[in-house]
*Asks:* 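Before I ask anything, here is the structure I am working with.
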Amino acid sequence: MEVDILDFVEQCRHLAKQALGKHAGEPASGGFARWKHVVLHCLRLEDDHSYRETPNRLKYMAEIRDVLGLDRDDLPDYSTIYKSFDRLEMWVWRALLRVSAQQHPQSGHAALDSTFFDRRSVSSYYRQRSGSNVQTLKVTTLIDRESLAVLDVHISARWKHDTKTGPQVVRRNADDLLSVAADKAFHNWITKYEFYALSVEPLILQRGSRPLTLGHNALIRTKGYSQRWMAETSYSTTKRLLGDAVRALGWYRQFREIVLMFAISNIEPLCEPLSP
């Protein structure tokens, strides 16, 4: 979905200030407020520009500069924007993800699933120099089954088993959940026990072909498991619009980039679509 970029920036400004709270006006890099850097990074990914291109584009976008409170002759240098991505810690991007999800109706019924992002687009020379041979990042998400809002994200370079990452994501959001639908990869009795202990109903299919297992799976499907495909739709939308590969070099920057991508996928439906 192509959105009105001015409306997108205004939405990002509102949500960035909400996510940062009392820290919104604190300088992050180059003397510019933190919320402005957050919005600039949202704009950079949404418009698919490099760090060097972003300030150059802003010179010709007067309305965007007005929203950001930036003067044409006093724009942040590309290196300032680059460094701010290091200085803005992960909690900033997770807070942005959380408040962007809260703008959508919350049903309490979520889907738990995993996908992968490619990091081979990162320079092979850099990967060899840094001693990293990981080519794919595993991402586990919690998605509202009705609104498609991404509620939480877990990222791993070591490909932890779903039965390890799933409960961790659900645990962080248990107070807002009624049920969680997940495929067989997330099933074991420890996971189900923990979900029940958190007062979250696990709609997780079991492996096997015994009559008892088949009966259990049939019951789970009647309770809403069939809506688990909504997670696949969310992945498809995010990767189609923002790509399925990370561009940052350092692993910690890649983790932040993925969280920001899902936050943007939450923000885009709030914006006005471009007129045909």
Side-chain angles (χ1 to χ4, degrees), residues 1-21 24 34-48 67 85 88-117 137 139-155 169-170 172-173 175-178 180-181 227-248 254-274:
M1 177 180 66
E2 295 186 2
V3 300
D4 184 288
I5 196 65
L6 180 60
D7 190 23
F8 174 79
V9 171
E10 289 176 340
Q11 290 284 354
C12 290
R13 177 188 62 180
H14 169 69
L15 295 176
K17 289 184 176 182
Q18 187 177 340
L20 289 166
R34 288 189 178 193
W35 72 265
K36 295 183 182 183
H37 282 281
V38 171
V39 177
L40 285 174
H41 288 296
C42 291
L43 177 63
R44 175 177 60 83
L45 275 188
E46 171 67 20
D47 242 8
D48 193 23
V67 173
F85 205 53
L88 293 170
E89 298 177 1
M90 177 61 94
W91 73 263
V92 173
W93 310 110
R94 287 198 175 278
L96 182 65
L97 177 67
R98 183 176 64 254
V99 298
S100 65
Q102 291 171 349
Q103 309 308 306
H104 299 270
Q106 304 290 302
S107 67
H109 302 287
L112 190 64
D113 205 355
S114 296
T115 188
F116 297 91
F117 280 83
L137 298 175
V139 179
T140 302
T141 63
L142 190 70
I143 298 172
D144 189 278
R145 299 206 304 262
E146 294 187 12
S147 67
L148 285 183
V150 181
L151 307 176
D152 202 353
V153 177
H154 180 280
I155 309 160
V169 175
V170 171
R172 291 199 295 253
N173 301 272
D175 291 343
D176 302 318
L177 297 176
L178 298 173
V180 172
Q227 289 183 306
R228 191 193 63 82
W229 64 269
M230 302 290 273
E232 303 287 349
T233 302
S234 176
Y235 294 152
S236 175
T237 301
T238 301
K239 291 181 177 182
R240 186 175 66 252
L241 295 174
L242 301 173
D244 61 355
V246 291
R247 288 165 285 186
Q254 294 169 357
F255 284 21
R256 295 171 189 179
E257 183 179 323
I258 290 173
V259 174
L260 177 55
M261 290 170 69
F262 282 109
I264 291 174
S265 73
N266 286 343
I267 296 171
E268 284 188 341
L270 305 173
C271 306
E272 295 181 4
L274 284 177

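Keep in mind that what you see is a predicted model, and the values were worked out from it rather than measured.
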*Asks:* What pairs with Asp176 under side chain to side chain donor-acceptor pair (under 3.5 Å), at least two apart in sequence or on another chain?
*Replies:* none
*Asks:* Just jot down the side chain to side chain donor-acceptor pair (under 3.5 Å) partners of Arg98, sequence neighbours excluded, or say none.
*Replies:* none
*Asks:* Could you list the residues that satisfy side-chain contact (heavy atoms from CB on, under 4.5 Å) with Thr233, not counting sequence neighbours?
*Replies:* Leu148, Trp229, Thr237
*Asks:* Looking at Glu46 and Arg44, would you say the former's side chain and the latter's main chain have a donor-acceptor pair under 3.5 Å?
*Replies:* no
*Asks:* Which residues satisfy the salt bridge (charged side-chain N to carboxylate O under 4.0 Å, His left out) test with Arg34, sequence neighbours excluded?
*Replies:* Glu26
*Asks:* Mind jotting down which residue pairs meet the side chain to side chain donor-acceptor pair (under 3.5 Å) criterion with at least one end in residues 107-117? Sequence neighbours excluded, please.
*Replies:* Ser107-Asp144, His109-Ser179, Asp113-Arg228, Ser114-Thr140, Ser114-Asp162, Thr115-Lys239
*Asks:* When rounded to the nearest 0.5 angstrom, what distance separates OG1 in Thr238 from CE in Met261?
*Replies:* 7.0 Å
*Asks:* Tell me, please, which residues at least two apart from Asp244 pass salt bridge (charged side-chain N to carboxylate O under 4.0 Å, His left out).
*Replies:* none
*Asks:* So how far is it from Leu151 CG to Leu142 CG, rounded to the nearest 0.5 Å?
*Replies:* 5.0 Å
*Asks:* With sequence neighbours left out, write down each residue that passes side-chain contact (heavy atoms from CB on, under 4.5 Å) with Asp48, or none if nothing qualifies.
*Replies:* Arg247
*Asks:* Can you measure from CZ (Arg145) to CG (Leu112) and round to the nearest 0.5 angstrom?
*Replies:* 11.0 Å
*Asks:* Only counting residues at least two apart or in another chain, list the ones meeting side chain to side chain donor-acceptor pair (under 3.5 Å) with Asn266.
*Replies:* Ser100
*Asks:* For Trp93, give me all partners under ring pair (Phe, Tyr, Trp, His ring centres under 6.0 Å), at least two apart in sequence or on another chain.
*Replies:* His41, Phe85
*Asks:* Run the side-chain contact (heavy atoms from CB on, under 4.5 Å) test against Gln11 and tell me which residues pass, sequence neighbours left out.
*Replies:* Asp7, Ile267, Leu270, Cys271
*Asks:* Of all residues at least two apart in sequence or in a different chain, which pass the side chain to side chain donor-acceptor pair (under 3.5 Å) check with Lys17?
*Replies:* none
*Asks:* Can you list everything that forms a ring pair (Phe, Tyr, Trp, His ring centres under 6.0 Å) with Phe255? Sequence neighbours excluded, please.
*Replies:* Trp251
